[in-house]
Amino acid sequence: MGKLYVVGIGPGGFEHMTFKAKKAIEESDVIVGYTKYIDFIEPLIKDKEVLSTGMKSEVERAEKALELAKDKVVSIISTGDAGIYGMAGLILELKKDEEVEVIPGITASSSAASILGSPLMHDNCNISLSDLMTPYDLIKKRVELATQGDFIISLYNPRSHGRPHYLKECIDIIKKYRKGDTPIGVVKNALRDGQEVTLTTLENFDDTIVDMFSIVIIGNSGSYIKDGMFITPRGYKL
Ligand code: SAH
């Protein structure tokens with residue numbers, strides 16, 4: 001009897017992977033995943049069958065993993081958390097009677113937050129700027145309502161070649177409601193090779209430094225910068 005683990009491997013570096021994720025990968029006969037993510041776990045999978053595919057074939061990859069899991073132990077890999085813009089949802093939507101276990105990982109907003117300071121200390125939300133599966137009008141509506149609700153906002157998939165202006169347009173929406181000195185942090189390749197960190201304010205923000213390996217975190221109305229750290233107060237009386 002086989003099994004499918006849907007594994008969130010965290011941001012990339014081994015020390016940020018859970019023991020459970022490592023164990024599931026080690027236990028597996030077959031590893032399925034996007035080529036770049038497979039590279040992150042290379043030392044763990046030397047003796048295993050590996051099926052790596054390009055980025056836009058998620059459905060094919062999920063179907064293949066489920067088919068293999070009928071009689072083998074299989075891990076399908078997502079970076080960060082498998083249940084946050086990862087493979088978990090698709091696998092569960094397609095699943096019939098295969099055994100599936102979802103293993104959580106540290107998502108990009110948590111990784112980036114730890115580097116920037118403590119930006120996510122109050123109510124916060126994730127918004128993906130990818131319009132592959134969400135109409136852009138709905139993305140902009142979510143950005144607007146999240147800003148009106150004073151949420152701290154983490155923007156995933158913030159800026160790609162195909163839609164270079166979305167980030168700037170969304171920041172302009174946020175600027176309608178938030179002060180110019182609101183902190184905004186950009187972390188590229190958080191907690192893995194190539195990490196780059198920029199901490200600035202809404203009025204000084206340059207969207208062209210952002211790419212698809214970056215996450216952007218915008219503070220709420222109470223967030224501030226102290227000694228180079230992005231802080232959102234929880235509300236304790238000091
Ligand atoms: N499942 C992943 C998210 C996948 S969506 C998670 O939970 O983190 C892909 C987007 O996530 C990227 O475009 C980027 O915005 C963000 N991302 C993933 N890993 C990152 C990292 N190490 N550093 C910065 N951003 C990252």
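Order of appearance sets the numbers: ligands from 1, and atoms from 1 within every ligand.
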Note to self: Using side chain to side chain donor-acceptor pair (under 3.5 Å), reason through Ser221 and Tyr177 one step at a time and then give a plain yes or no.
What the structure shows: CA-CA 9 Å; Ser221 59; Tyr177 306 92; over 6 Å; no
Note to self: Can you list every protein residue that has a heavy atom under 4.0 Å from any atom of ligand 1, sorted by chain and residue number?
What the structure shows: Pro11, Thr79, Gly80, Asp81, Ile84, Tyr85, Thr107, Ala108, Tyr156, Asn157, Pro158, Val187, Asn189, Ala190, Arg192, Met212, Phe213, Ser214, Ile215
Check: Is there a donor in the side chain of Asn157 and an acceptor in the side chain of Tyr85, or the other way round, less than 3.5 Å apart?
Finding: no
Margin query: Between the side chains of Asp207 and Arg159, is the shortest nitrogen-to-carboxylate-oxygen separation below 4.0 Å, so that they form an ion pair?
Written below: yes
Check: So, Thr201 and Asp181: side-chain donor and acceptor under 3.5 Å apart, yes or no?
Finding: no
Check: Between Glu98 and Lys3, is there a salt bridge with N-O shorter than 4.0 Å?
Finding: no
Check: Could you walk me through whether Phe14 and Leu44 pass the side-chain contact (heavy atoms from CB on, under 4.5 Å) check?
Finding: CA-CA 10 Å; Phe14 274 126; Leu44 290 183; 3.7 Å; yes
